[in-house]
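Shown next, in structure tokens, is the structure this report addresses.
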Amino acid sequence: MITSPSSLRRSERSRRATLDAALELCTERGYGRVTVEAIAARAGVSKKTIYRWWPSKGAVLLEAFAEVFVNATPFVDTGDIDADLRTHVTGAVKLLSTPPYGPAYAGILTELHHDDVLGRAVREDVVGPRFEAAVGRMRRAQEQGQIPAGADLPLAVEMLYGPVYYRLVLRKPPQDEETVAALVAHVLRSLRAVPADPAVDAPAAAGG
């Protein structure tokens with residue numbers, strides 16, 4: 001059966017209303033007090049509709065969060081990896097310190113420990129793509145000679161994100177721009193302290 005355009009529009013309206021309702025309730029009540037019943041009532045949809053699209057309230061809030069998170073944390077490439085990482089991390093910190101996004105994501109991170117489906121969705125829809133994008137941006141900087149060839153890029157990304165998640169989960173004050181700049185400088189300084197990769201330098205040395 002072919003779905004009519006009007007049906008698609010109705011579905012998208014319901015989806016958007018559900019995501020907006022979930023975020024509103026998270027702001028008003030906190031993640032722990034949000035229920036699927038309350039989301040359905042606020043959005044003007046049935047519980048059946050919600051469960052047809054999402055397996056849990058965590059999944060609803062994850063989709064709402066992921067849409068905003070990707071747009072708020074771009075991996076720009078100005079040719080200056082130091083400045084670009086500061087821009088990226090600052091964007092992440094600002095979003096995670098702004099209700100309802102930070103509290104919603106903190107709640108999701110807590111719940112994924114006893115919800116395997118939600119945990120897999122977090123890894124596949126948010127953490128994995130952002131991690132790969134960060135490694136990709138660093139790899140381009142590596143190709144441009146801004147980061148040594150022997151640097152461990154995945155470890156560097158964990159070093160960047162680790163303090164951000166630490167403060168979010170433990171509800172510590174978020175980093176300010178100065179602290180973000182210090183974090184990025186520390187991580188890049190660590191990468192640049194890595195000795196040159198002999199396998200990369202050998203052909204040039206032989207040719208000289």
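No experiment lies behind these values; they were computed from the predicted model shown.
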Shortest non-hydrogen pair, L118 vs A59, comes out as CD1-N, 3.8 Å
Going from NZ on K57 to CZ on R33, what distance comes out if it is rounded to the nearest 0.5 angstrom? 10.0 Å
Can you tell me how far apart CG (L23) and CZ (R42) are? Round to the nearest 0.5 Å. 11.5 Å
side-chain hydrogen bond (donor to acceptor under 3.5 Å, both in side chains) with T49: which residues, sequence neighbours excluded? S46
Could you work out, with ring pair (Phe, Tyr, Trp, His ring centres under 6.0 Å) as the rule, every residue matching F131, not counting sequence neighbours? none
The criterion is side-chain hydrogen bond (donor to acceptor under 3.5 Å, both in side chains); which residues satisfy it with Q146, sequence neighbours excluded? Q144
Please report the closest heavy-atom contact between A43 and A17, naming both atoms and the distance. CB-O, 3.5 Å
Once rounded to the nearest 0.5 Å, what's the spacing between atom OG1 of T90 and atom CG of L85? 10.0 Å
For a quick test of reading the model, state the closest non-hydrogen atom pair linking Q175 to L183 and the distance between them. NE2-CD2, 4.5 Å
Residue pairs involving residues 112-126 (criterion salt bridge (charged side-chain N to carboxylate O under 4.0 Å, His left out); sequence neighbours excluded): none
For R86, give me all partners under salt bridge (Lys or Arg N to Asp or Glu O under 4.0 Å), at least two apart in sequence or on another chain. none
Residues two or more places apart in sequence or in another chain: which of them pass salt bridge (Lys or Arg N to Asp or Glu O under 4.0 Å) with E37? K47
Who are the side-chain hydrogen bond (donor to acceptor under 3.5 Å, both in side chains) partners of T110, not counting sequence neighbours? none
For residues 159-171, dump all side-chain donor-acceptor pairs below 3.5 Å to protein atoms at least two apart in sequence or in another chain.
unit_1: Y161; atom_1: OH; unit_2: H88; atom_2: NE2; d: 2.8
unit_1: Y165; atom_1: OH; unit_2: Y105; atom_2: OH; d: 3.0
unit_1: R167; atom_1: NH1; unit_2: P173; atom_2: O; d: 2.6

If I compare all heavy atoms of P148 with all of L191, which pair ends up nearest, and what's the gap? CG-O, 3.4 Å
Find out whether I147 and L153 are in side-chain contact, i.e. whether some heavy atom of one side chain is under 4.5 Å from a heavy atom of the other. yes
Contacts of type ring pair (Phe, Tyr, Trp, His ring centres under 6.0 Å), residue Y101, not counting sequence neighbours: none
Heavy atoms of P99 and T27 approach each other most closely as C-OG1, 4.5 Å
Please give me the minimum heavy-atom distance between P103 and Y31, naming the atom from each residue. O-CB, 4.2 Å
Report yes or no: do I50 and V117 belong to one cluster of Ile/Leu/Val/Met/Phe/Trp/Tyr joined by side chain heavy-atom distances under 4.5 Å? no
Which donor-acceptor pairs under 3.5 Å do side chains of residues 61-81 form with protein atoms, sequence neighbours excluded?
unit_1: E63; atom_1: OE1; unit_2: W54; atom_2: NE1; d: 2.7
unit_1: E63; atom_1: OE2; unit_2: R15; atom_2: NH1; d: 2.5
unit_1: E67; atom_1: OE1; unit_2: R16; atom_2: NH1; d: 2.9
unit_1: E67; atom_1: OE2; unit_2: R15; atom_2: NH1; d: 3.0
unit_1: E67; atom_1: OE2; unit_2: R15; atom_2: NH2; d: 3.2
unit_1: N71; atom_1: ND2; unit_2: E67; atom_2: O; d: 3.2
unit_1: T73; atom_1: OG1; unit_2: F69; atom_2: O; d: 2.7
unit_1: T73; atom_1: OG1; unit_2: R130; atom_2: NH1; d: 3.0
unit_1: D77; atom_1: OD1; unit_2: G79; atom_2: N; d: 3.1
unit_1: D77; atom_1: OD1; unit_2: R137; atom_2: NH2; d: 3.1
unit_1: D77; atom_1: OD2; unit_2: R140; atom_2: NE; d: 3.2
unit_1: T78; atom_1: OG1; unit_2: D80; atom_2: N; d: 3.4
unit_1: T78; atom_1: OG1; unit_2: D84; atom_2: OD1; d: 2.8
unit_1: T78; atom_1: OG1; unit_2: D84; atom_2: OD2; d: 3.4
unit_1: D80; atom_1: OD1; unit_2: D82; atom_2: N; d: 3.1
unit_1: D80; atom_1: OD1; unit_2: A83; atom_2: N; d: 3.3

Give every residue pair that meets the ring pair (Phe, Tyr, Trp, His ring centres under 6.0 Å) criterion with at least one member in residues 172-191, sequence neighbours excluded. none
Of all residues at least two apart in sequence or in a different chain, which pass the side chain to side chain contact (heavy atoms under 4.5 Å, CB included) check with P129? none
